[in-house]
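Okay, structure first, notes after.
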Amino acid sequence: MSYWRKLLGISNKKPLTDDHLGQVEKVISLAYIDPYLGTDLISANAIKRIYQVNNQLHIATVLNYPGLIVRPIIIDALSQALKTLNLFDEVLIDVQWDIPTHLGQRQEASRIKNIIAVSSGKGGVGKSTTTVNLALALSEAGASVGILDADVYGPSQPHLLGIPAGTTPQSRDMRTYAPVTAYDIKVMSMGLMVTEKTPLMWRGPVASETIQQLINQTLWGDMDYLLIDMPPGTGDIHITLAQTLAIAGTVVVTTPQDIALLDVKKGIDMFNAVDVPLLGIIENMATHTCSQCNHIEHVFGEFGGESIARKFQSEILGSLPLNIKIREQADAGLPIILAKPSSDIAQTYRDIALKLAVNVAEPGLITPLPKITFVND
Amino acid sequence: MTTELPHQHTSNGPTSGRKIDRKRVPTDIIYHRTSRLLELVYPDQSSVQLSSEFLRVHSPSAEVRGHTPDQAKLQYGKKNVNIIQIVLQGSYAIRISYDDEHDTGVYTWHYLWELAENKTTYWQEYLQTLLTAGKSR
């Protein structure tokens, strides 16, 4: 379309005839089932416009999760299938995404669209490693992502993201701080404020105060997802976070072991008590493949995550193996999703991250918050 | 300031697998200053009015309820109490500040619902307790 035509609002765009539209929609719904939405694009309400310009067919798709990874797959699948209709000379498919905002967001964090808490009842199940890999996967898929390391006593995000020791957040006024950016992820952590060797000997109220400062005094900027790497347990920091932020949902990391599952139940019940929805469960260290003989072993037992998911009417977002590479790469400050992007494990993290993004975008999970007003009568 | 998680002994304590009950989350909370009534509007457009005195004497705060039932303190003489501030607590509750400097009551959606449902019974019970204790509103 020429510049003048555009300026004068003259357009060649034409709607399709009912017959053609029906055929096109049918082909779209049969050609591609989105693995994350779990349905075709028509039922998922992702096809926003279908029109033709001369004899070119245009299809505008808007996803509710970051779609950089699925974009080429969608374009390929739809254009292949639509060509077989032989109705149009050319098929142009546009894939964009618009990540919905969690409605209850408060003033302090209003530029963050969705806050997701990554939690577990028990320590040592791989929360931090999972958090960092999920954040990187979401960022890779085209979202802007941040991590708040809420484990003030044992921060590990700076190390996992390979941030050199001694890096501190920049501040102009000593009141607000810019988060440190590593691999396109904005990070704020207690580990950036004190050296690794300093033990923090704080009682609960100080820790609560500090976590509030980490949230409120960080210049987060615009962000699609903020992942909170929660400390283990159900303590002061959890209560503070649940009270000060409108958390869109929580994802729980667990090993399939019975003793870990016991604590997971408590963790989920805590979030239930403060009306934070459960977005799904990630089973970590589910299997171990022997490096000598390739024998697959369920080190921590089987079906543990499944039983939890069933009990809380939630779903397992994915299951990760106990793998030496995940640990080695994390320790080296280059998470596996960057170090080995084509590995199965990296792909599993990607799948989990996008399922999570779809779950958090589901309007059924968003808690509406009341409007509070005072009147003089 | 002591704020706490919702009391687990109310009739709607956390149960496993409970999804958020959306019909219990009000869409609007309106406080009428002169008549001292808090109006809760629910998604089905039904609304209920609770007096500030009623809310004040049924505050779920530990200062009122204590940590065990025998520590509960009878609240009296709150007839003219007024609400000065209402703030959201996370996405599960509101915290109400009164002009008698009481500001530690965290009212969850479930608790507000319970208060609204049992408004008359709870009020009669309260008046009865006052009477037996020989106190006045």
Side-chain angles (χ1 to χ4, degrees), chain A residues 102-109 115 117 204-205 208-209 234-236 238-250 264-279 307-314 362-377, chain B residues 1-10 12-43 47 49 52 82-97 104 106-113:
Chain A
H102 178 66
L103 287 178
Q105 222 41 275
R106 215 69 47 70
Q107 204 63 48
E108 313 90 29
I115 300 179
S208 295
E209 188 75 16
T234 52
D236 284 281
H238 300 82
I239 303 173
T240 306
L241 285 171
Q243 287 187 335
T244 46
L245 292 171
I247 298 173
T250 176
V264 163
K265 285 179 189 142
K266 287 181 208 156
I268 298 176
D269 270 333
M270 174 193 67
F271 280 111
N272 262 335
V274 292
D275 285 357
V276 173
L278 177 62
L279 299 172
S307 76
I308 279 276
R310 207 167 294 139
K311 185 166 179 344
F312 290 96
Q313 297 158 31
S314 187
E362 195 196 316
L365 282 171
I366 292 171
T367 334
L369 288 185
K371 209 169 82 231
I372 299 172
T373 37
F374 279 70
V375 291
N376 287 317
D377 62 356
Chain B
M1 190 187 75
T2 50
T3 48
E4 53 205 73
L5 282 169
H7 277 258
Q8 314 233 333
H9 56 252
T10 57
N12 290 300
T15 46
S16 304
R18 170 170 69 76
K19 293 268 189 256
I20 293 156
D21 194 350
R22 219 160 302 266
K23 76 176 208 291
R24 296 192 174 191
V25 184
T27 51
D28 273 288
I29 297 179
I30 306 151
Y31 183 62
H32 301 272
R33 277 204 193 90
T34 318
S35 41
R36 293 197 295 271
L37 288 171
L38 187 75
E39 187 181 347
L40 305 169
V41 184
Y42 286 100
S47 86
Q49 296 195 327
S52 56
N82 219 334
I83 291 174
I84 48 175
Q85 202 194 13
I86 300 172
V87 282
L88 283 171
Q89 285 274 282
S91 37
Y92 69 95
I94 50 171
R95 187 162 59 79
I96 304 180
S97 308
T104 52
V106 174
Y107 298 73
T108 63
W109 310 137
H110 293 279
Y111 187 56
L112 286 171
W113 180 273

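- If you tally non-hydrogen atom pairs under 4.5 Å between each of A/N376, A/L241, A/V375 and chain B, the highest count goes to A/V375.
- A donor-acceptor pair is defined here as one N or O able to donate and one able to accept, closer than 3.5 Å; no such pair exists between the side chain of A/T373 and the backbone of B/I30.
- The shortest side-chain heavy-atom distance between B/V41 and A/P370 does not fall under the 4.5 Å cut-off.
- Expressed to the nearest 0.5 Å, how far CD1 of A/I239 lies from CD of B/Q89 amounts to 11.0 Å.
- Contact annotation for B/T27: only backbone heavy atoms (N, CA, C, O) come within less than 4.5 Å of a heavy atom of chain A.
- Of the options B/I29, B/I83, B/I84, a side chain to side chain contact (heavy atoms under 4.5 Å, CB included) to A/F374 is made by B/I83 and by none of the others.
- Listed here is the closest heavy atom pair of A/V274 and B/Y92: O-CB, 3.1 Å.
- For the set B/H32, B/E39, B/R36, the entry with the most heavy-atom pairs within less than 4.5 Å of chain A is B/H32.
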